[in-house]
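Each remark here refers to the structure printed beneath this line.
The structure displayed is predicted, hence computed values, not measured ones. Note on naming: letters A, B, ... go to the chains in the order of the sequence lines (proteins, then strands), and numbering restarts at 1 for each one.
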Amino acid sequence: MMIGAVLAIVLTLAGAILAVGARNIVHAVFGLGICLCGVALAFLVLGSPFVAAMEVLIYIGGITVAMVFAVMLSTVGREEPREGMAKRVLAAIGALVFFGAGVAIILGMPEQITAPVTPEEAWSVEQIGRDLLNRFNLVFEALSLVLLLAIIGAITIASRSDESHDPTAGEGDS
Amino acid sequence: MTLHAWMVFALTLFCIGLYGVIARRNLIAILIGIELMLNAASINVLAINYFVSPEPAVGQIIVLFIIGLAAAEAAIALSIILGVYRQRASIDVTLLEELRG
Amino acid sequence: MPGFPILTATILCPLIALLVTLLIPGRHEKAIKIANTLCALASVILAITIWAQYDRSVGGFQMMEDMAWLPSFDIRYTVGVDGAGVVLGLLTAIVFFTGVLSMWTLKTRVKEYFAFKAALVFGVFGVFFALDIFAFFFFYEIAVLPMYPLIAIWGSTRKEYSAMKLTLFLMAGSVLLFPGLIALYVQAGGETWNILELAQSPQYTRTFQIFCYPFIYIGFGVLAGMFPFHGWSPTGHVAAPTAVSMLHAGVLMKLGAFGILRIGMTCLPLGAAYWAPTFATLATAGIIYGAFVAMRQTDFKYVIGFSSVSHMGIVLLGLNIYAGGGDVAQTGLDGAIFQMFAHGIMTALFFSAVGFIYDQTHDRDIRHFGGLVSQVPIAGSMFILAAMCGMGVPGFASFWAELLVFIAAVQTYPVLGILAIVGLIFTAAYTLRVLGKAMFGPRNKNWEHLVDVGVWALLPRAILVGVLLLFGFFPNLILDMIRSTVWGP
Amino acid sequence: MNHELLALACVTAPLLGFAVALIGFRRRHSSAAAIVIASGLVSLVASVLLLITARPEAQAFTARWFMIEDFSIEFGVLLDGRTLIMGSVVALITLCIQVYSLYYMASDPGKGRFFAFLALFEWSMLLFVYSANLLQMFIFWELVGLASFLLIGFWYEKPSAVAAAKKAFLMTRVGDVGLFIGLILLFQTSGTLDVLGIANIFEPHGLPESIAPQRIELIAMLLFVGVIGKSAQFPLHTWLPDAMEGPTPVSALLHSATMVAAGVFLVTRFHGLFLDAPTTMTTILWIATFTALLSSTMAMVAKDMKRVLAFSSISQLGFMLMGLGAGSLFAGYFHLTTHAFFKALLFLCAGAYIHSSGTNDLIAIGRAGAARRMKITTIGLVVGGAALAGIPMFAGFFSKEHILSALHGPGQMIFKIGAFGAAFMTAYYTFRMVFLIMRPNPNSQATPDEPAYPHDDAHGPAEPLAMILPIIVLSLGALVIGFFGDKIGAILHVEHIHHPTIGEMAPAVVVALLGVVLAWIDFGRANAKQRGFVSLVPAAEKLFEKRWYIDEIYNTAIVRPVIMIAKLCYGTETRGLDKGIDSLAYSTAKVGREVARGHVGRLQLYIGVAVVVVASLVFYVGMR
């Protein structure tokens, strides 16, 4: 249990640092993949194997792959200019301040409650499915609608290639 | 592992994502940062759910929704990025500052 | 017709005009105009019916209708009229009707124009009849907002500027007003918005009233052309098209004064009395200042615009005399409401005459005219009649209004009263200046081709002149109506 | 005869005439004229019948106009001596002038309008005179002003006429403000609007104890301000000479029986009140005497025939007010009556001359030979002139004697001297006018201002019946009205009229004859230089010709400052208030633009700032 948790944390943070730090965008996507694996592991440790599976399926299998496609369609093989030092330092300060604030809040919270002894069936996929289609039916439907719209929107935006002007011409301009 | 430890972990992940969003100039990198922040939120939800909630299924369902929304968001964001690239031949966010009155 | 909701019906007349206008396709201009005329005529008939049905021996608020509107905020749709409401309702109906008739020749964007105008009138009727503060404010904003497109689209002479200025001024007024109204609601315990119930509230201590009253007075005063917040009104008059100017100066400015009376003075009598000398002084300053500025203007409409500032000063002076109390308080109120009515009709006539000339010449500079009365005798005569009414010549309605206000003023605030009466000289001065330059004097050869008012175009103007003369000779018609207000509960 | 019906007929006929003439007959001028004259005739007959059959006591026919609460506003006709005589005079003179205008305005394109306005003028004056109610009085006072505005500016295409009309309206309005306030105070003090009621408070037994004397002084003073404006007394007299821009019949009407008479009539109406205000009476005397002298000096040098008459009107009005101010109702009233006749007569004669010779200039009229061609008119001129100058046995003589003999109180010597001076000058300038017309002298040094137009036969006969008839009627009036003094006094209920003895009359007669003789020497005798004795002092002549520079003084002292204030206000409005508010709006917009310049879509910066701010807030909240 403990080992799993530590492994998950290490994987996640390492992947995250790679994801934000890598100069090459392909490496960054790769880092994101590692990080998401860690997150999935963390979900497993937190007793949700179904969610962990979904994480792997949707995130790593879907989103990350989509990003790779986007990278290949846009800036692949292009040398990226390094961000300015000042910007990075400012971003780091911002993040650190936020981190500090967050820690302050967390430590100010009341004493933790140890994990309750939960019946196994509560964590079961069956329970999730039943809740999803009964209690959270409306949210579920709304989400499906959002997904539908997102797909339509993505297609519309991405397919407007003939109207927008040619990328090569744009390059010549700049 | 205590709840506090999990929350600090999630916060760390969130802040790394935040750094990415603020510091990077590549639009895809910014998107990656956002995904990191979303995952941090998911971890937080599951952790609280694990340690506090008497109804464990709810937390998982929330995380499922987050994942679903993240997928939709990513799809839209990526198509926008592609659109921007077609328009400008670049996805450098610093070149998009044209919101002048 | 007992039980017939006549006030709601009157309010609905312009709304029906609006809906019908929206439904008719824009190319059927004639149909739109006819529909609007019919609705306006219906509102005139209803307004006259209200006048006839109002029981003067009983007085007070009558023909009350009450319906829940937004129950969770205690907001109700409550309407009812007292004498002032009856008088001003009739004024609105007349100006609406004549305004529609005088825009019969409009060519551009007929549909949108009449739609906005109907919306405006809808709001105006609502304000004059509403007895619920929220409903009052709701209708008030409906009445104020269509001015922007009406001026910005169909106007002339820096129209966007004027429209924006007008909107900003009125919004600023509303910004002052809204907290004041909310304070009225909250202070009384937050249970009702009904003006009559609020007026009974024991929570309105003197301190509260003194603090709250200026918000309401100035907030409404901006719309009433109160000096020194009158800047929007001449500019707006100038830029607006004829019928909008008629409505604007004729009716809309009265909303402000009416709001002061209906909400400010009804709910906060102590505050009103406390502030009365200050605001009476400002009103007198407005009378004289408006006249002086009008003396230097070269644009017909600017002259009328500043004369409105001057004449609305008389209204506000009368209202403040009423607020100040004393023996002649009622005389002041009579004069103020009478002046609202008379000035409304008179300015409508003024703008109608000027609009007629402007439509043909596209020029409003008084120096470019001369001897108009021989070139367009009827249109010129209309202008002269309106000018005489403005000077307070006996036989016209405004003579009585000014007489009553001045009688009351001399007895309540002698200095202000005398100053206001002296203002009559300057009123005569600027009016005669315009008449002498434009209506009389040598003919300007440029305008020999002008066509005079025809029979149809004469109709609305003749109605206005007729109303002015009717109430000039029989002022008791209106005075009895106004008087009945205080006799009631 | 039923008095009520007669009174009703008298006051409504002109209104009907006005309405019908204005609405129905805008293009049919002759019909309009006929209707107006018919209505004038009805008024005249009715008012004369009323006068003849008048009862000794005052009676009022009123109808309730409307109620304000329990206060009833009455509208009606008051019949007492003062109104009956004045009403008849107004009706008679208006009718004469209407008949006269029939020819005078025959070829004017606005003839119908002219007659309509004449009827309006008559109507408002009659109802003013007959009014039984303060409010009604004020309304018709204003309408008289309006009608005279319309008539003075009748030839509205002439800028000078428009300016004159405007001036008349504005200056009388200045007086109206005083009158208006005075009437309000009077109403407040007496508590009634009823003219008879007010008269009863003051007239028989002096000032009631309940009213403070200062208040009555104030009211009387304010009423007199109105009179100053209407009756063209100094300092508001300057509109009257300019009012000559109207057609001559209008001038005749304006100067005799309407408009200016309204002011004097107001004083006679409230004479009881004025008697209770001794300070005001003294003020009236001062102003009236000064005005009479001042305008006489101007009349002595004026070349325009109508102007001479206008100045003489001002000075005669001063005489009337002197009589009233001295406390004699009868003297002032009598002079008002006689003056109406001879002044109307003189103006009609002047109109006839001007119409036939095409010029206003006295010398030019004379040289055009008008006097020889127009015998009857010239007789009328002489009669009128004699009456004005106060030659014995003519109307003006009697009334002027009464005024002079009324000035006998302590401390009134100075006014009496002033009156003698004015009487002398009146005789002088009147006969200067008469001699200049009757005895033109081509070798004289006098030069006309404008060349005379030779008589144009296209005008028709020089003395048509329509013009001659009124002149004859008025000449007879000017001859005989003087002998009706006792009768008028009886109708007015004046207890004892002081009849001046021969000894008392002598100085005035001497003074008047002196004036005539001097005028003869200066203008009348053969080979006269036709330059007045005033020209011996060129500075004085210049001063008089320029009307004591009063117009110029007003221009610099009042008109300019008013325009300056107007400019100031205009500047405040456009450059101050407007600009200020505009710049407020513009600067708001500018701030917006400046801020927007920073907001170019640097999303990352915004996120960073937002994060830092949120975090700082958290820390801040945590610290507390």
Tell me, out of [options], who's got the most heavy-atom pairs with chain B below 4.5 Å.
options	value
A/Ala150, A/Cys35, A/Ala28, A/Ala19	A/Ala150
A/Ile17, A/Val139, A/Thr64	A/Val139
A/Leu13, A/Val146, A/Leu90, A/Ile93	A/Leu13
A/Val89, A/Leu149, A/Asp131, A/Ile151	A/Asp131
A/Leu96, A/Leu148, A/Ile58	A/Ile58

Given a strict heavy-atom distance threshold of 4.5 Å, which part of [X] is in contact with chain A: side chain, backbone, both, or neither?
X	answer
B/Ala40	neither
B/Leu82	side chain
B/Leu78	side chain
B/Ala71	both
B/Val8	both

For the interface with chain A, which of [options] has the highest count of heavy-atom pairs at distances below 4.5 Å?
options	value
B/Ile30, B/Leu18, B/Leu36, B/Val63	B/Leu36
B/Ala72, B/Ala74, B/Gly20	B/Ala72
B/Ile67, B/Leu69, B/Ile22	B/Ile67
B/Gly33, B/Ala70, B/Ala10, B/Ala77	B/Ala70

| field | Donor-acceptor pair, side chain of B/Asn49 and main chain of B/Val45, under 3.5 angstrom | value |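 No; zero donor-acceptor contacts below 3.5 Å.
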| Do the side chain of B/Thr2 and the main chain of B/Ala5 share a donor and acceptor less than 3.5 angstrom apart? |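 Side chain of B/Thr2 to backbone of B/Ala5: a pair is present.
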For [X], which atoms come within 4.5 Å of any heavy atom of chain B: side chain, backbone, both, or neither?
X	result
A/Phe43	both
A/Arg130	neither
A/Leu143	side chain

If I take atom [atom1] from residue [X] and atom [atom2] from residue [Y], how far apart are they, to the nearest 0.5 angstrom?
X	Y	atom1	atom2	result
B/Phe14	B/Leu38	CZ	CG	9.0 Å
A/Ile63	B/Glu73	CD1	CD	7.0 Å
A/Leu147	A/Ile152	CG	CD1	11.0 Å
B/Glu35	B/Ser42	CD	OG	10.0 Å
A/Glu55	B/Leu46	CD	CG	9.5 Å
A/Leu132	B/Gln60	CG	CD	11.0 Å

| For A/Phe136, the option from B/Leu64, B/Ile62, B/Ile61 that meets side-chain contact (heavy atoms from CB on, under 4.5 Å) |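 Of B/Leu64, B/Ile62, B/Ile61, side-chain contact (heavy atoms from CB on, under 4.5 Å) with A/Phe136 is met by B/Ile61 alone.
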Shortest non-hydrogen contact from [X] toward [Y]:
X	Y	answer
A/Ala40	A/Ala52	O-CB, 3.4 Å
B/Leu13	A/Ala16	CD1-CB, 3.6 Å
A/Val39	A/Thr12	N-OG1, 3.4 Å
B/Ala75	A/Ala154	O-CB, 3.9 Å
A/Ala8	A/Gly38	CB-O, 3.6 Å

| Hey, which residues of residues 99-106 of chain A are touching chain B, say heavy atoms under 4.5 Å apart? |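 Against chain B, the residues of residues 99-106 of chain A that fall inside the cut-off (heavy atoms, under 4.5 Å) are A/Phe99, A/Gly102, A/Val103, A/Ile106.
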